[in-house]
Amino acid sequence: MAFTYYEIFLYPVYMSKRNMGKSLRKAGYIMAWFSVIINFIIFAFKFLAGYKISSIAMVADAWHTLSDSFTSFIVIIGFWIASKPADEKHPFGHGRAESIASLIIGIFLSIVAFNFLKDSIIRLHSRIWIEYSTFSIIIFSITTVIKEILANFSIRIGRKINSPSLITDGWHHRSDALASLLIVVGALFGNYFWWMDGVMGIGVSIFILYITYDILKKVVSLLLGEEPCPLLKKQIEEIINENFPFVSNVHHFHIHRYGDHVELTFHIMLPSDMKLKEAHDIVVNIENILKKEMNIESTIHMDPVD
Ligand SMILES: [Zn+2]
Ligand SMILES: [Zn+2]
Ligand SMILES: [Zn+2]
């Protein structure tokens, strides 16, 4: 596999020999901090520039960028809480904090998209477009590129380390990149087609709303608790059949995910004349194999079969 540019952030993962979960989180931390810092720099720059050329639009946009630092900070808080070990009150660990962070960022993103939609409709209706100076257009062009790079990094790394909050934050960066791009396009061609940035704004905001819906749907479903996917069931059945050919009819799966901590219960059938000690040994063996091979914490219920 070739080394790609964003993988610099995955350095802790590649370097780690033990505790994969911890190093994955470290990569996520670095990415999120990178987003916070870059957004803060863009904020400071836009704010000062907007102040200097007394552009209300740019100062307003600067505040939005500062709020972007804040959403990336929620990713960091999510990782931080998720990294805490299990305690008496939370015996399954804190892994779901990451999903909750993703939920919060997703809700913020849908608000951003709704506002964007509203502004685009108003702009289309009033036939007014804001005039930007060449200087502002240059700044928005640079912002577009930087934000898209942040989006690209966050989404790719989020997928690699399986972090929904980082992916959601990445989509927020992308929506910001598209919004800045529309300002540039509108400023360049708005004189010819007054309706252009309004129409494109509606298109982009609907697209972002759809993405947000998809993200929130997945996160909520995960938090509510999901049926294990058929692939996972098949994998478990295969492991059991391979090691314990006399165990039959694996059924009634329940799975509970808490970040990287996975709890699984299911039923197996064992001969009814088997000794309890023997049956228990088998169950413990299966539990140990699933722990070793799939890092799943399982509890198995036995049904007798004649
Ligand atoms: Zn934003
Ligand atoms: Zn059963
Ligand atoms: Zn036992």
Donor-acceptor pairs are to be reported for all side-chain atoms of residues 34-53 against protein atoms at under 3.5 Å, with residues two or more places apart or in another chain.
unit_1	atom_1	unit_2	atom_2	d
Ser35	OG	Met31	O	3.4
Ser35	OG	His173	NE2	3.1
Asn39	OD1	Lys147	NZ	2.7
Asn39	ND2	Ser35	O	3.3
Lys46	NZ	Asp61	OD2	2.4
Lys46	NZ	Thr65	OG1	3.3

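Atoms CH2 and OG, on Trp33 and Ser69 in that order, are 10.0 Å from each other to the nearest 0.5 Å. Atom-to-atom distance recorded for Leu270:CG and Asn249:CG is 11.0 Å, nearest 0.5 angstrom.
Neither side chain, Ser154 nor Asp169, offers a donor N or O lying under 3.5 Å from an acceptor on the other. Between the side chains of Asn295 and Lys291, at least one donor-acceptor pair of N or O atoms lies under 3.5 Å.
A single hydrophobic cluster is seen to contain both Ile100 and Leu224, as judged by linkage of ILVMFWY side chains at heavy-atom distances under 4.5 Å, directly or through other members. The cluster map of Ile, Leu, Val, Met, Phe, Trp and Tyr, joined by side-chain heavy atoms under 4.5 Å apart, puts Phe70 and Ile77 in the same cluster. In this structure, Leu124 is a member of the same hydrophobic cluster as Ile206, with clusters built from ILVMFWY side-chain heavy atoms closer than 4.5 Å.
Under the 4.5 Å side-chain criterion, counting only non-hydrogen atoms from C-beta, Leu264 is not in contact with His254. A 4.5 Å side-chain heavy-atom check between His251 and Asp303 finds at least one atom pair inside the cut-off. No side-chain heavy atom of Ile215 sits under 4.5 Å from any side-chain heavy atom of Ile105. With a 4.5 Å cut-off on side-chain heavy atoms, Phe116 and Ile121 do not count as touching. Proximity of Glu98 to Pro164: side-chain heavy atoms (C-beta onward) are separated by under 4.5 Å at one or more points. Val247 is not listed as a side-chain neighbour of Met269, based on a closest heavy-atom distance of 4.5 Å or more. No side-chain heavy atom of Thr265 sits under 4.5 Å from any side-chain heavy atom of His301.
Among residue pairs with one or both ends in residues 102-113, those qualifying as side chain to side chain donor-acceptor pair (under 3.5 Å) are Ser102-Thr168; sequence neighbours excluded.
For Phe266, the ring pair (Phe, Tyr, Trp, His ring centres under 6.0 Å) test picks out Phe253, with sequence neighbours left out.
By the 30° and 60° cut-offs, the orientation of the rings of His252 relative to His267 is parallel.
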